[in-house]
Amino acid sequence: MKRKQLWFICILFIAIELLVGCTGEKNGEAGKTEEGNEDNRTLTIALGTDMVSFDVHNHNNTSTEAIHINMFNYLVKRNNETGEMEPDLAESYENIDDLTWEFKLKDGVTFHNGDALTSADVKYSLERVATDTTLLDHANYKTIKEVEVIDDTTFRIHTHEPDPALLNRISRIGSSILPANYIEENGFDHFLANPIGTGPFEFVEWVRDDRIVLKTYGDYFDEKNEEWDEIVYRIIPENSTRVSELLTGGVDMAVNIPPSDWVRVNENEGTYLTQGISNRTLMIFLRSTEGYPTEDRRVREALDLAIDNQAIVDNILGGAGTPTITRVGPGDVGHAEHLYNTYNYDPERAKELLAEAGFKDGFEMTLHSPRGRYLQDAEIAEMVAGMLAEIGVTINIEFMEWSNYLELRNAGENKDAYLLGLGNSMFDAANALDYYRYDRFIGQLDYRNDEVEELLAAAEQNMDAEERNEQYIKIQELLAEDVAHLVLHQESINIGVVDHIDYKPTMDEMIYIDSITRK
């Protein structure tokens, strides 16, 4: 009897094990589907550099704004298909006169803490960046004199002088509307640690140099996002690691896929490469400071003539780029078409110019460069160094982590030159060419051209669109002739994506989460 009981218990135990094993296998399959495919409601994006700050006014960094854009809103926004301005937080707007615009806010807009958006928030936000000269984006907003509150949802923006680019100006980096009461009650440091906006996603955490996490905001005025519950931005500076994480399912999207991996990403089962045209131009900014070799225009021209822009595009970027000698690209107001898709290259003439400038045997200079911020930035810096070596100029490259690189430049502690890619979030030459204004970069670049200064001052107030356009084209011609800096090429956007997600990049390089859908 005891043997039969023991035998029955053994058989029962085996049956239970088999049942659990089968059930476990099914659950495992379901779990795999949930983690790796269409049931997963967490979107993970691999970035090459960390965010700079949650201070929307104290940065001019596109990769940072690509995160902010999902937490905050502007008054108006640019339609990426038509190029036209359209309402965002503003329901309507009207140009009253050359110095005044009136806006009406949408009803039902709340910040992530539940506070209603009012005209007072707009006044605080725009006047802060317009009046605080220490903020990095102040130069783009100093045209604003005052925001006059009419009532809780109506206000007027008054400018010091006519500003033909005002709508473009308030649809870009530095234009996000902040919560005035929340900041007044808690302090700005509290806001930086616990930021809130009006956008479709709200803040969860930021672990520097590792990840930024957002979650869906359920009361978003333009309807709650139904695709994603959570957004995770992972900071992965190394190209090879970013690509590997994409191919093995560690991330859903990865930015700046290098040309050497384009075929690999496209041919891999489960991933694809999506590409687009950026309005970002990669440049080498030179000091014109007294005592530096590049103070001499002949030296700047020699450096420019020694660089084969097309070779960089072909050999480093896989053909995905356009040589140019202006940073005002197609689609921007004031674009000089004859300075685009062209470049200067004559190494022998470069050597002659160096000799004329007193540098027959060349000289030595330092080039600061980020690594992982732009497509193939480190490789480009190295190739440029090799080209300049051919004319006797020795380049010492200092590769830097992105935040340290920004601190160096902002403090004016940069040496001879630095590699930098600049977008144009305003899609207007006013933004692109303001970079050549002398007083904006005293101690950092020290470039000055009095005719450029006069034309910049005239164009920024010119309400005659056609004449203003011609003024900006003339400025670009002067800068090209003066070789103010070394303009290399306009970039492309190259992002790796898993197959179960639909995504197409936009020219402004923003990553609009609301435009990313699951298949």
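- Ion pairing between a basic and an acidic side chain is recognised when a charged N comes within 4.0 Å of a carboxylate O; Glu245 and Arg234 show such pairing.
- Side-chain contact, Asn494 with Ser492: a donor N or O sits under 3.5 Å from an acceptor N or O.
- Here Phe201 and His112 keep their ring centres 6.0 angstrom or further from each other.
- Here Tyr405 pairs with Trp402 under the ring-ring contact (aromatic ring centres under 6.0 Å, His included) rule; sequence neighbours left out.
- Under 3.5 Å, the side chains of Asp137 and Asn140 contain a donor-acceptor pair of N or O atoms.
- For Tyr435 and Phe441, the distance between ring centers is under 6.0 angstrom.
- Under the rule for a side chain to side chain contact (heavy atoms under 4.5 Å, CB included), the partners of Val487 that lie at least two apart in sequence or sit in another chain are Thr281, Met283, Thr324.
- Under the rule for a side chain to side chain contact (heavy atoms under 4.5 Å, CB included), the partners of Asn404 that lie at least two apart in sequence or sit in another chain are Met400, Glu401, Glu407.
- Side-chain contact, Ser278 with Glu509: a donor N or O sits under 3.5 Å from an acceptor N or O.
- Looking at heavy atoms from C-beta onward, His68 lies in side-chain contact with Phe54 at the 4.5 angstrom threshold.
- Side-chain atoms of Asp88 and Asn73 include a donor-acceptor pair closer than 3.5 Å.
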Pair Phe399-His368, ring pair (Phe, Tyr, Trp, His ring centres under 6.0 Å): steps then yes or no: CA-CA 6 Å; Phe399 290 114; His368 303 287; over 10 Å; no

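- In summary, the aromatic rings of Tyr182 and His190 are positioned with their centroids under 6.0 Å apart.
- No donor-acceptor pair under 3.5 Å is formed between the side chain of Thr154 and the backbone N or O of Lys104.
- Within 6.0 Å of the CD atom in Glu86, the count of heavy atoms belonging to other residues, nucleotides or ligands exceeds 12.
- Partners of Phe188 under the ring-ring contact (aromatic ring centres under 6.0 Å, His included) rule, at least two apart in sequence or in another chain, are Phe191.
- Side-chain contact between Leu47 and Ile236: absent, with no pair of heavy atoms (C-beta onward) separated by less than 4.5 Å.
- In this structure Ile69 satisfies the side chain to side chain contact (heavy atoms under 4.5 Å, CB included) test together with Tyr74, Met510, Tyr512, sequence neighbours excluded.
- In the displayed structure, Ile277 atom CD1 is contacted under 6.0 Å by at most 12 heavy atoms of other residues, nucleotides or ligands.
- Side-chain atoms of Asp482 and Tyr447 form a donor-acceptor pair, as typed in the model, at a separation below 3.5 Å.
- Looking at residues two or more places apart in sequence or on another chain, you find a side-chain hydrogen bond (donor to acceptor under 3.5 Å, both in side chains) between Glu127 and Lys123.
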